[in-house]
2 protein chains.
Amino acid sequence: MKVMKRSSAPRKDHYHHGDLRNALVENALRLVAERGPEGFSLREAARAVGVSPGAAYRHFADKAALLGALSADGHARMVATMEHALAHLPEEPGSAARAIASFLAIGAAYVEFAVAHPSHFRVMFGPCKPGEDDLACLAAQGRDTYQILVDVLDGLVATEVVLPEARIGAELPVWSHVHGLASLLVDGALTLSSSERHDALRHAGHVLLRGLGCSPGDLPAARPVTVDPRQR
Amino acid sequence: MKVMKRSSAPRKDHYHHGDLRNALVENALRLVAERGPEGFSLREAARAVGVSPGAAYRHFADKAALLGALSADGHARMVATMEHALAHLPEEPGSAARAIASFLAIGAAYVEFAVAHPSHFRVMFGPCKPGEDDLACLAAQGRDTYQILVDVLDGLVATEVVLPEARIGAELPVWSHVHGLASLLVDGALTLSSSERHDALRHAGHVLLRGLGCSPGDLPAARPVTVDPRQR
DNA sequence: ACCGTGATGTGAGCGACGCATACATTGCCA
DNA sequence: TGGCAATGTATGCGTCGCTCACATCACGGT
């Protein structure tokens, strides 16, 4: 009664998967990207890996924990995108110009990441009901991208693009703006073409820098974008 | 076999409810506020009204349609909040000061509404998969609040707080910022006390107005807010 | 006054879901 | 080599969204 193996094609060679946790995250990533975070089901992810639904609960306390892993992965990818953007800046003449370019680049990276991976973005920033101990983990997730923003703003002060007194509390308006634009685009309240996004980000960067005390002469040209909400 | 009525207390006097649609919306509103948009179920709403689950489908094509009704209701409440804020502005000396106060007031109304009704806000701006014909309806939802923003910005130009050339495309950065702050607060990525929100909004309004070319002398004092993301 | 027709609500049911439990299989280490 | 902890399976419970056949009611035309 042991020789009933050898049945159909996709025979399981190992009872144990070997790396089920990563396989689940990987497939969940794909499924969430396809069906969105709402339509995603833990059972389907397990099915995709060819494993019983219950097996997933050996690696994740519940569905929220799996999504939490996706969120962490997303934040990691986002900092990578932003750092890549910073590392591949076109050469700029002065250090002030470079600081401004960095400022614009990380903002663009933020919303382009959101537009390119909307479901992932929603999982990262969607409602989180962490189970007490994941709080530290969750807090750590946003820290890296936030630190990049802090550094870039410090760079604007160091190159004397903005004054030290204007620097205080500058993170919040900048982050809010970029996150708001990303959210509106991801949730479909607003639709912008790629070039419109580019213009909107440059214009907004212009406005924010001027608001932080940067003199207009230092700023790149920016074309404003006029929109209607939910236009079709 | 007709006299088996008169049983327990909540005896149904009418087979037909009379105004089931509104009753469903009303209870759904309450349930969404309690359990959040994710944990909300159409069945529970029907149960709350004391009606069979299938009855709801006589009035809403599916769960998304019910949430769509909630969304419309939310947008109506939001414009009411904003208009109320505009109508109850403290008296300001000059028309310019009043225009600036209006600008700050609608921003504050936007995020305070979001903070006060986070679930409702999520339903309003969450992912929408409208069924083709609801598109016009959906487009109309945001229009009123957007029009208020347009009028307030026009007011800033009329009172010469901002120059006409800076007015072009000013809606997007302003809306983005205010929506971003609201989203971060609602989704728990950021936690601010009531007074911190007040300061943050004033400071951000300051930055935006300066970015739009308003001279600093015209601006109210604004205390910046420094934060850490997901702090505990 | 009546009846039929359309609107509205009921009840049962289908498939899928999240999650819990008992059991089977395996790698690993003493 | 034997036993144990880790890992995966099978099964089941309660709920959900949604559908369908049927019951009940309101109302208007004759």
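Residue numbering restarts at 1 for every chain, and letters A, B, ... go by the order of the sequence lines.
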Using atom [atom1] of [X] as one end and atom [atom2] of [N] as the other, report the distance to the nearest whole Å.
X: A/Leu20; N: C/dT26; atom1: CG; atom2: P; result: 16 Å
X: B/Phe60; N: C/dG9; atom1: CZ; atom2: P; result: 11 Å
X: B/Leu31; N: D/dC16; atom1: CG; atom2: C1'; result: 15 Å
X: B/Asn22; N: C/dT8; atom1: CG; atom2: P; result: 13 Å

Item to check | side-chain contact (heavy atoms from CB on, under 4.5 Å), paired with B/Asp73, selected from B/His120, B/Met78, B/Glu26 | outcome: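 Filter result, single survivor: B/His120.
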
Checklist entry - Who pairs with B/Asn22 by side-chain hydrogen bond (donor to acceptor under 3.5 Å, both in side chains), at least two apart in sequence or on another chain? => result B/Asp19

Checklist entry - Partners of B/His206 by ring-ring contact (aromatic ring centres under 6.0 Å, His included), sequence neighbours excluded? => result none

Next on the checklist: A/Phe121: which residues meet the ring-ring contact (aromatic ring centres under 6.0 Å, His included) condition with it, sequence neighbours left out?
Outcome noted: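 Here the qualifying residues are A/Phe125, A/His179.
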
Under 3.5 Å, which donor-acceptor pairs do the side chains of residues 47-59 of chain A form with other protein atoms, sequence neighbours left out?
unit_1: A/Ser52; atom_1: OG; unit_2: A/Gly54; atom_2: N; d: 3.2

Next on the checklist: So, does B/His59 get its side chain near the phosphate of C/dA7, meaning an N or O under 4.0 Å from OP1 or OP2?
Outcome noted: no

Next on the checklist: Once side chain to side chain contact (heavy atoms under 4.5 Å, CB included) is applied, do any residues pair with A/Ser119, and if so which ones, sequence neighbours excluded?
Outcome noted: A/Val32, A/Pro37

Hey, what are the protein-to-nucleotides 15-19 of chain C N/O distances that come in under 3.5 Å?
unit_1: C/dC17; atom_1: OP1; unit_2: A/Ser41; atom_2: OG; d: 3.0
unit_1: C/dC17; atom_1: OP2; unit_2: A/Arg47; atom_2: NH2; d: 2.5
unit_1: C/dG18; atom_1: OP1; unit_2: A/Leu42; atom_2: N; d: 2.9
unit_1: C/dG18; atom_1: OP1; unit_2: A/Lys63; atom_2: NZ; d: 3.4
unit_1: C/dG18; atom_1: OP2; unit_2: A/Leu42; atom_2: N; d: 3.2
unit_1: C/dG18; atom_1: OP2; unit_2: A/Arg43; atom_2: N; d: 3.1
unit_1: C/dG18; atom_1: N7; unit_2: A/Arg43; atom_2: NH1; d: 2.1
unit_1: C/dG18; atom_1: O6; unit_2: A/Arg43; atom_2: NH1; d: 3.0
unit_1: C/dC19; atom_1: OP2; unit_2: A/Tyr57; atom_2: OH; d: 3.3
unit_1: C/dC19; atom_1: OP2; unit_2: A/Lys63; atom_2: N; d: 2.8
unit_1: C/dC19; atom_1: N4; unit_2: A/Arg43; atom_2: NH1; d: 3.2

Next on the checklist: For B/Ser52 and A/Arg58, find the nucleotide of DNA chain C closest to each by heavy atoms; which residue's nucleotide sits nearer the 5' end?
Outcome noted: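 Whichever sits nearer the 5' end wins; that is B/Ser52.
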
